[in-house]
Every structure is written in C-alpha cells, then in structure tokens.
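Contents: one structure, followed by commentary.
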2 protein chains.
Amino acid sequence: MKLSRSAQDYLKVIYRLSNRYGRATTSQLANWLEVKPATVTGMLQKMARAAPPLITYQKHRGATLTTNGEKAALQIIRRHRLLELFLHEKLDYTWDEVHEEAERLEHVISEKMSQRIAIVLGDPCRDPHGDPIPDPDLQLALLTEFPLGDLQPGQQAIIRRVRDEDAELLRYADSLGLRPLTRLTAVAHTPIAQTITIQLADTAEPITIGQYTANQVFVDLEPNQ
Amino acid sequence: MKLSRSAQDYLKVIYRLSNRYGRATTSQLANWLEVKPATVTGMLQKMARAAPPLITYQKHRGATLTTNGEKAALQIIRRHRLLELFLHEKLDYTWDEVHEEAERLEHVISEKMSQRIAIVLGDPCRDPHGDPIPDPDLQLALLTEFPLGDLQPGQQAIIRRVRDEDAELLRYADSLGLRPLTRLTAVAHTPIAQTITIQLADTAEPITIGQYTANQVFVDLEPNQ
DNA sequence: ATTTTATTTTAGGTATGCCTAAATTATATA
DNA sequence: TATATAATTTAGGCATACCTAAAATAAAAT
Ligand SMILES: [Mn+2]
Ligand SMILES: [Mn+2]
Ligand SMILES: [Mn+2]
Ligand SMILES: [Mn+2]
C-alpha cells in the first residue's frame, strides 16, 4: 500500500473537506489541489478502485475516506505537522515558512525519521499554528476552541490556533501578537465596521482586528479571574 | 533549470564515474542507478539535448558533465552530505543509516533548508563518513588521503574517510573503531592472507583486517612523533 | 581481417499524473 | 416542467521514467 505523493495529497484534502462538509466534491478538490476537475475525477476513480480502497466514491456525489484512507491521511497529517514544528524549533523557520517545506518533505521522510523528530521535539501535541498533531496511534485530540470572533465583550480567552492556509495572514497575526498561548480579553464588537477590539494580556493598548482575521484565530475560554 | 529527481541522480553518478574514469559509460550508469542500459541511453540523450546541456554525450562513448551539469551535481552532493551529517548529529542516525534517508531528501529540500542545516551544523567540511562537503560556492577541498592498505609497517596515520557505499562495511568498520579521526599505526602486512595488521591509538590489542576493508578506509599520514 | 562477443541504441510499450475539449449529468431558474 | 447553467465525467493527448526485445555498433579473439 505505497501511496504516490499525489494520492497522499488527495487524501489530506479529502480528510479536511469531508470533516467540514461530510464529503469532498470534485471541484472542491480541484480547487485545493490546484488541478483541473477532470484530473480529480481520474484520481478519485483510481483511489476508489485501489486494493484496499482508499475512498468511497460515487459519480457526481464526491468522495469520503475509507478506514484505510483515513489512517493514511492521518499519518501524512502527523508527518506534516511534526515537520512544521521541527522546522520552526530546530531550523529557525518562521511559522509562515514551515508549511511549504513540510508539504514536500511529508511525502519523503521515513517512519523512522518521523519518530526521531517526535522524540527530539518531546512528543508534541500541536504544530506551530496550534493545529493538533495526531499521536503515534493516529488519534487526534478533541478540540474545544472556537473563533475569536465569537467572543463576547468581557470574556477572557487563550489563543489555541491560527489558520495556516494563508502565509500573509500568519505574518500579520504574528505582528499583532496573535499566537498560540497568547491571552486576551474581548473589549468590544463594532458590527458596522465588522471589527472586534481585544486587549492582549501582555500589551498596553487594545487592538482592533477585522472579521476575517477574527475568524482565522481560534481560542478557548479562560475563566475570568 | 529544474531537474527531475532522476536527472539529479544521474548527475551524481556521472560526476563520480567521470572523476574516477574520465567518463561514465552506459552500462556503468545502469549498474549504479539500478536501471536497464536502454533507460540510461534515453536519459543521456535527453540530458545532452537539454537547454543548457547538462552533459556531453557521444553514442557508444559515454558521458561527461558540462559546467552546468557539474555545478548541479555538486549542489546535490552538498545537500546529500549536509543531510547525512544532520541526520547523524541531530536525529541520532548511525552512519550506516544516513545514506538511504539522505538519498530521498536531497531532491526535496529547499536551498533555504540546506542553508539552515549548514548553519546549525557550523558549516561542516565532512559528512559522517568523512566525505568532503562542497562549500557554499560548491568548491571541494583537495583531498590528500589514500587507502589504509597502502600504509607501510611503522607508519602512523589518521583515518579521514570510510567508503559509504556498503552499509554492512560501515557497521563492521564502526565495530572495529575504524572511524574518521581515529589514529593508528600500521604493524604488518601479510600478503599471503591479504591482510594488514594495525594498532589503533586508543585500543590495547592490534587488529587484523582484510584487503577489502583496508581499501575502503582512507588515511592521512601523521608524522611519527 | 574476420568472426564472435559484449555493449549500446532503437523501437515499441506500460504506468502515473497532468492537460484540453467535448459530452453528460445534476441543479437552479423560469 | 422545460430550459439554462453549473458541475462532472469521458475521450484523447502529453511528459517522465521506466521496461523488453531486436537491431546496430564497438571491442575482443581468432
Ligand atoms: Mn501546514
Ligand atoms: Mn504534500
Ligand atoms: Mn551517502
Ligand atoms: Mn538520490
């Protein structure tokens, strides 16, 4: 069951889309993988016909992962996130640089290397953006965080995660101090401007951020002390 | 001038063979690359036709590198050896494990990653087997070492390099203490048995090794003190 | 100088993973 | 419900990098 680089990338995207929407459609996959829909159809057909099948696929209805496919997807996700953290911790990559490099390395490192990386990192639970790293048995911790934008004024929270899909956003968030483990208090919503004002724990002045940013940052509620 | 993984591997082998024999023949390449001669012919034709050409190739006469090809070869060699040392130093790989992993990673890491690795390793000159690492400008230090088997009884030497092509040999050499920077004195040749007896600096008893091993270990003469 | 043998090349094929253009199917709109 | 639009699939190609079998060439042996 050696999977090609392409198949591995398809699995990762199907995993994410089917978690979010129940299944992954041809055009969604084409978008995320940056290939044409016709290419996706061909690959889905092959992955569904593989032995053992990696996905269930119905014409015009999209794909979901089989148990095998999900296991393979989680293994790549584990490698990807371990690599991101490794690059950040050991090779001084910034959090907006790690994804691109990990995206290539994830298909090429051995199981041994993945284990060694986990060891030198001390069996980490989260990558540099706060995304959870599946444990060695590929179990994913349940997450409780929700978008910063849903905080009500007065609520205190701790940042757990920042969406990693947009390197520009990561640089912006970092410049504001919006990083995992940062504590903050919601100050006010301004619906007309679609902004939210927050007070970071270690910062003098409150800052105001737009809705887009607020929805890319995920927090856990902290009890008001 | 983005080179495929295969082309990169061809360049590395052509580099080595043309250094050793002046040129690389089709069947030598087929052996080292573990593909059929017909496949090599096809690839050599393509690499010679590339713009800019990576090799000069004459039917039935084999290939040599162009300046461009040599530069590309040295870049991959640098990456390979940096990776080997990195795996050894930072991820606890033994010297017989590093090659296989580096062989895949060398085609995939970015120039940035290669630079970062060089930095955390302190701009190293040799890989774990003692092979020289081309400097950032791809210059290779001139080597003075010669096979241990050529030592004359009484001569003192320091091990610089052990051939890395045979993982089994590496484990054997390591078990004997034959590693770069080990000091030793030649004790005796036994031509009938095709062996050489040597005394390692840090070891009580002299050891006797066969000719094959002695020719895989390279040393520099040390002045008798 | 032939002839035999070994090496190398050519010719024709396979698998992957991508593409475009055309055909089909599903969905939305009137 | 018919029709327009959007999504998806099929059909036919291309590039890469392999393969085998047959043909051509070079090298070695007589
Ligand atoms: Mn990522
Ligand atoms: Mn990837
Ligand atoms: Mn090596
Ligand atoms: Mn390689």
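Residue numbers start from 1 in every chain, and the chains themselves are labelled A, B, ... in the order their sequence lines are given, proteins ahead of strands.
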Rounded distance (Å) that lies between atom P of dC18(D) and atom CG of Leu44(B):
12 Å
Within less than 4.0 Å of OP1 or OP2 of dT7(C), is there a side-chain N or O belonging to Lys59(B)?
no
With nearest nucleotide decided by heavy atoms, which residue, Arg61(A) or Ser4(A), maps closer to the 5′ end of DNA chain C?
Ser4(A)
Does the side chain of Ser6(B) get closer than 4.0 angstrom to OP1 or OP2 of dC18(D) through an N or O atom?
yes
Would you kindly give the CD-to-C1' distance between Gln45(B) and dA15(D), to the nearest whole Å?
16 Å
What integer distance in Å separates Met47(B):CE from dT16(D):C1'?
14 Å
Rounded to the Å, how far apart are Tyr57(A) OH and dT10(D) C1'?
11 Å
Atom-pair distance (CD on Gln58(A); P on dT8(D)), nearest Å
14 Å
If I take atom CZ from residue Arg16(A) and atom OH from residue Tyr21(A), how far apart are they, to the nearest 0.5 angstrom?
9.5 Å
Of all the choices, dT16(D), dC19(C), dT10(C), which nucleotide is nearest to the side chain of Lys46(B) once you look at every atom?
dT16(D)
Pro37(B) side chain, from C-beta outward: closest of dA17(D), dC18(C), dT9(C)
dT9(C)
Quick one: closest heavy-atom pair of Ile133(A) and Leu140(A), and the distance?
C-CD2, 4.2 Å
Considering only side-chain heavy atoms of Ser27(A), which listed nucleotide, dC18(D), dT8(D), dT16(D), is closest?
dT8(D)
dT9(D), OP1 or OP2 - any side-chain N/O from Thr26(A) closer than 4.0 Å?
yes
Need to verify one output field. Residue with the more 5' nearest nucleotide on DNA chain C, Tyr10(A) or His60(A)?
Tyr10(A)
Assign Thr39(A) to base, sugar-phosphate, or nothing according to its heavy-atom contacts below 4.0 angstrom with the strands shown.
base
Round to a whole Å and report the spacing from NZ of Lys36(B) to C1' of dT9(C).
16 Å
From the candidates dT9(D), dC18(C), dT10(C), the one with an atom nearest any side-chain atom of Ala38(B) is dT10(C)
Tell me: CZ of Arg49(A) to C1' of dA15(C), nearest whole Å?
13 Å
Checking Arg163(A), Arg160(A), Glu84(A) against His129(A) for side chain to side chain contact (heavy atoms under 4.5 Å, CB included), the one that qualifies is Glu84(A)
Distance col, row Asn215(A):CG vs Ile196(A):CD1, nearest 0.5 angstrom, shows 9.5 Å
Whole angstroms only, please: what is the CG-P distance between Leu33(A) and dC19(C)?
10 Å
Is the shortest side-chain N to carboxylate O distance from Arg5(B) to Glu106(B) below 4.0 Å?
no
